[in-house]
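Quick notes on the structure that follows.
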Amino acid sequence: MVNDRQHGEHGHVPVMAERMFGLLEPALTRIADDGSGSVLVDGTLGAGGHTEYFLSRLPGLTVHAIDRDTSALDIARERLATFGDHVVYHHARYDEIGDVAAAAGLAAVDGILLDLGVSSMQLDRADRGFAYSVDAPLDMRMNADDELTAADVLNTYDHGALARVLSEYGEERFAGKIASAVLRERAVEPFTTSARLVKLLYTTIPAATRRTGGHPAKRTFQALRIEVNHELESLRGVIPASLQLLAVGGRLAVMSYQSLEDRIVKRDFAKVVRNTTPAGLPVDLPGTAARFGLVTRGAEQADEAEREENPRSAPVRIRAIERIAADVGGQQ
């Protein structure tokens, strides 16, 4: 969710808001028999930029807004106060979307938006420890009530576990070398702040790689953040749960900011758009027709103008999918 640029008193406007609106708006025009409008779940509320954009253009819309970060919820409540009961707030992880919907009495929803990763609001607060550009406590928790911090990972994981985190979640080619350096340094003094870790990375990663591979701390900080917040596990859970929650004609749109996330989204979408009737049969067998269809072909990216206006949009990958048929038995 590295997705916002500075804007006004509330600080942020979402990247590619117009495109996200274009992808989801066709699913958000339903009017129920009781006169109520469509329902959108913003699974990654953050500072509320996407929700504000949608509500300002669809007056009948109701948004169920989820975030694990209580600070984000507080900021969004202030920002979105004028929309009243058109916003319902939920303190939860986005992979708890099924439980949130059940508790809210939602059997199905019309749209779901997931803007993954860390928000600009979190990056811009030095005390949260997400940014490697400033010295700060090695925290990185999206939910301050969680126990595990980045410092805990650095100070308690053995060499194998730490190297695995750096390699798998940061795609860091020098994971083993960095893990060895961390264990050596933490024996002298535990890690508490980011500046010491950044210095270690500068001295551990070869100079040739530092010159061509971007900031040497980027991959390690990404890996630690993903480990602390169980981000990929949550993503693997939220995609199936979100697809199950969509009404026929409903859409799910996902914004990913690194390849690990995008691969999971791509794989899970591919699973449900396939027709499973054996090849050669003249008609589809019952229950084998695809229940979903892709809205985007491949992953969409920010255009040059968007990237120039907001460099944080450069890595975004957007995929969207629509439910085109009910489950067997007609659950949706």
Indicate yes or no: does R196 engage E185 in a salt bridge with an N to O separation below 4.0 Å.
yes
For F191, is there any backbone N or O sitting under 3.5 Å from a side-chain donor or acceptor partner on N155?
yes
Atom CG of L162 and atom CZ of R186: how far apart are they, to the nearest 0.5 Å?
7.0 Å
Evaluate side-chain contact (heavy atoms from CB on, under 4.5 Å) for R307 paired with Q301, printing each intermediate quantity in order.
CA-CA 10 Å; R307 294 181 187 209; Q301 298 179 249; 2.9 Å; yes
In the single-linkage hydrophobic clustering (I, L, V, M, F, W, Y; side-chain heavy atoms under 4.5 Å), do L245 and V273 co-cluster?
yes
Under 4.5 Å between side-chain heavy atoms, counting indirect links through other Ile/Leu/Val/Met/Phe/Trp/Tyr residues: same cluster for F174 and L183 or not?
yes
Surrounding NZ of K266 (heavy atoms of other residues, nucleotides or ligands, distance under 6.0 Å), is the total greater than 12?
no
Would you say CD of E18 has more than 12 non-hydrogen atoms from neighbouring residues, nucleotides or ligands within 6.0 angstrom?
no
Would you check if there is a donor-acceptor pair between the side chains of D152 and T149 at a distance under 3.5 Å?
yes
Distance col, row L45:CG vs R77:CZ, nearest 0.5 angstrom, shows 9.0 Å
In a check of side-chain hydrogen bond (donor to acceptor under 3.5 Å, both in side chains) between E231 and each of R225, Q258, R93, which one passes?
R225
Can you tell me how far the OG1 atom of T220 sits from the CD atom of E172, to the nearest 0.5 Å?
5.0 Å
Find the distance between CG (L246) and CG (L252) and round it off to the nearest 0.5 Å.
6.0 Å
Given the rule that I, L, V, M, F, W and Y join up when any side-chain heavy atoms are under 4.5 Å apart, are V88 and Y94 in one cluster?
no
Side-chain heavy atoms nearer than 4.5 Å, only ILVMFWY residues, links allowed to pass through others: does that put I324 and V295 together?
no
Flag yes if more than 12 heavy atoms outside E233 fall under 6.0 Å of its CD atom; otherwise flag no.
yes
Measure the acute angle between the ring planes of H90 and H64, then classify it against the limits of 30° and 60° as parallel, tilted or perpendicular.
parallel
Does Y157 form a side-chain contact (heavy atoms from CB on, under 4.5 Å) with E227? I'd like the steps, not just the answer.
CA-CA 11 Å; Y157 280 28; E227 174 71 6; 2.6 Å; yes
